[in-house]
Amino acid sequence: MTTAARRPVMAGNWKMHLVRAEAEAWCAEVRAGLPAGRAAEVVVFPSFPLLAAVSAALAGSGVAVGGQDLHAEAAGAFTGDVAGRQLADAGCTWVLCGHSERRRDHAEGDELVAAKARAALAAGLTPIACVGETRDERHSGRTFDVLARQLEPLPDDSRLVLAYEPVWAIGTGETATPEIAEDAHAFLRERLARRTGEAAARAKRILYGGSVTPDNAGALARQGDLDGFLVGGASLDPKRFLAILTSLAAPEAALRGSP
Ligand code: 13P
């Protein structure tokens, strides 16, 4: 059976960093350094106040822009929140849902994350839904239970991208080994296959995030079920961002999931 090839994704999550001048300098440097004929889709996730400026600075570059969060409702009296439609209006085509920092700091549960992913799709945005276990959960042997629980309510939609981000690897400098990452990705793909069938599971893009650097990206990128990166700290430096992107360079024929 033929399946759609999985085009890798290089995503930079700036979190609560950079102001406009810094963001625009980043865009200029990344634009200038983008490899020609790159295999990966490239997307950056700035804070809300930077979105319009970054969208303008990246216009025509092929680098997409996304929001770091959205509200599950399309509009309404929700002070401080942002709707998918507003993100799209600011130039976004992507959005993060359920990042572990939102789950931790804003008490976002699995059902809310799933509702946000549905809202993103309804607004025409590509959601990256983040899943991942804490250090305690890993050490007590609950990793796969946690991943299955977080995956369960997410919508079955081919546009949705998953990101495996083990919480213990985020911002700690302690990256998952390629084997740990591959195990988790393969588990997620297997669960998806049971739910949506082999073909849809094989076509699903699953990114890895957690202390990705130019030094460890190559070995991670070689794992068969790993379809790109969601990078925090190292994405702030254009040179490191571009170096990680280069690790995803692959001839079209070698795209993951190709029949
Ligand atoms: P770091 O790359 O800084 O570990 O952050 C990963 C992350 O949370 C990306 O969303």
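Just so you know, ligand 1 is whichever comes first in the structure, and atom 1 is the first atom listed for that ligand.
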Among Glu165, Glu174, Gln68, closest by any non-hydrogen atom to atom 9 (C) of ligand 1 = Glu165

Nearest candidate to atom 4 (O) of ligand 1, where distance is taken over non-hydrogen atoms, out of Gly171, Ala11, Gly232 = Gly171

Any atoms of ligand 1 less than 4.0 Å from a non-hydrogen atom of [X]? List them with their elements.
X      : answer
Lys15  : 5 (O), 6 (C), 7 (C), 8 (O)
Ala169 : 4 (O)
Gly210 : 4 (O), 6 (C)
Asn13  : 9 (C), 10 (O)

Can an N or O of His99 be found at a distance shorter than 3.5 Å from an N or O of ligand 1?
-> yes

Judging by distance only, is a nitrogen or oxygen of Thr172 under 3.5 angstrom from one on ligand 1?
-> no

Using only heavy-atom distances, determine whether the side chains of Thr196 and Asp156 contain a donor-acceptor pair under 3.5 Å.
-> no

For the residue pair Gln68 and His99, confirm or rule out a side-chain donor-acceptor distance under 3.5 Å.
-> no

Give a yes or no on whether Leu18 and Leu242 share a hydrophobic cluster (residues Ile, Leu, Val, Met, Phe, Trp, Tyr; joining criterion: side-chain heavy atoms under 4.5 Å apart).
-> yes

Take every heavy atom of Ser211, measure it against each atom of ligand 1, and state whether any distance is under 4.0 Å.
-> yes

Take Trp168 and Glu137 through the side-chain hydrogen bond (donor to acceptor under 3.5 Å, both in side chains) test and state the conclusion after the steps.
-> CA-CA 10 Å; Trp168 49 270; Glu137 287 163 346; over 6 Å; no

Under 3.5 Å, side-chain donor or acceptor atoms of residues 47-58 against the rest of the protein: list the pairs with distances, not counting sequence neighbours.
from, atom 1, to, atom 2, distance (Å)
Ser47, OG, Lys15, O, 3.0
Ser55, OG, Leu51, O, 2.8
Ser55, OG, Ala90, O, 2.8

Which of His71, Glu73, Glu108 passes side-chain hydrogen bond (donor to acceptor under 3.5 Å, both in side chains) with Lys116? Answer is Glu108

Hydrophobic cluster partners of Leu207 (side-chain heavy atoms under 4.5 Å) | Val9, Val43, Phe45, Trp94, Leu96, Ile128, Val161, Leu230

Under-4.0 Å heavy-atom contact with ligand 1, by part of Ser100 that carries it | neither

Indicate, as side chain, backbone, both or neither, the part of Ile170 found under 4.0 angstrom from ligand 1 when only non-hydrogen atoms are considered.
-> both

Parallel, tilted or perpendicular for His185 and Tyr164, by the 30°/60° rule?
-> perpendicular

What protein heavy atom is closest to atom 3 (O) of ligand 1, reported as residue, atom name and distance in Å?
-> Gly233 N, 2.8 Å

